[in-house]
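Since the structure comes first, as C-alpha cells, the remarks are kept for the end.
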Amino acid sequence: MSEWTRRVRDVVRAIPPGRVASYGLVALVAGRPGAARAVGLAMSGCDDPAVPCHRVVHADGSLAATFRAQHARLRRERVAFVGRRVDIARHGWLPRLPQGARSSRTTRKDSAAA
DNA sequence: AAAATGACTGGGA
DNA sequence: GTCCCAGCCATTT
C-alpha cells in the first residue's frame, strides 16, 4: 500500500457518522488539492471495514455509480437525500483543514456546508 | 519509460 | 436540469 493510499484512508477514517465529504475535500485534507480522482482510485478497494468509504461522495452530492451499497449505508446513518443526491448542506463534513491548505479549487463547494 | 485508467471536477452546451 | 469534455493525479499496464 502506497503512502498516498494510507493517507487517504486516514482522512476518510476521520469522517464522523452521518457526515459526508467529497473526493476533492478528502484530497485537500490529505494534502493534495486537486487529486480528487486519485482519491477515488485509492478507495476503489474499500476492503478495510474500519474505513467508512461510503461517506465519500461526489462534489455535487451524487454517488459513485459502481458503489451500489453506498446509498443504503448512508441512509442507515440517517443521511438525508434530495432526489438522487446527499443533502450536503446538512450532512457535509467540516474538517479542520491543515495549515496552509490552499483551496486551489475544490474548497468553495466542499466547505460550503454550514 | 510511456501510455492507459478511473469510486473526480468545473465549466460550457 | 442533464450531458459532455478537457484537465487532474496516483496507479497500473
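Proteins come first, then strands; the chains are lettered A, B, ... in the order of their sequence lines, and each starts at number 1.
Atom-to-atom, CG of A:Asp60 to C1' of B:dG10 comes out at 11 Å; the value is rounded to the nearest Å. Between the C1' atom of B:dC8 and the CG atom of A:Leu41 lies a distance of 11 Å, rounded to the nearest Å. Going from atom OH of A:Tyr23 over to atom C1' of C:dC9 covers 15 Å, rounded to whole Å. Rounded to whole Å, atom P of C:dC3 lies 14 Å from atom NE2 of A:His58. One atom, CZ of A:Arg32, and another, C1' of C:dT11, lie 14 Å apart when rounded to the nearest Å.
Residues A:Trp4 and A:Leu28 are members of one and the same hydrophobic cluster, defined by side-chain heavy-atom contacts under 4.5 angstrom among Ile, Leu, Val, Met, Phe, Trp and Tyr.
Side-chain atoms of A:Glu77 and A:His91 form no donor-acceptor pair, as typed in the model, at a separation below 3.5 Å.
Place A:Glu3 and A:Arg85 on DNA chain C by their nearest nucleotides, and A:Arg85 ends up nearer the 5' end.
With C:dA10, B:dA7, B:dT9 as the choices, the nucleotide that has an atom nearest any side-chain atom of A:Ser22 turns out to be B:dT9. Checking C:dT11, C:dC9, B:dA7 against every side-chain atom of A:Ala35, the shortest atom distance belongs to C:dC9.
One finds no side-chain N or O of A:Arg37 lying less than 4.0 angstrom from the OP1 or OP2 phosphate oxygen of C:dA10.
Taking the six-membered ring where the residue is Trp, A:Phe81 and A:His71 present tilted rings, their angle falling between 30° and 60°.
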Inset, instruction - Begin with the C-alpha distance, continue with both residues' side-chain angles, and end with the deciding distance and a verdict on ring pair (Phe, Tyr, Trp, His ring centres under 6.0 Å) for A:Phe67 and A:His54. - result: CA-CA 8 Å; A:Phe67 187 7; A:His54 58 287; 7.4 Å; no
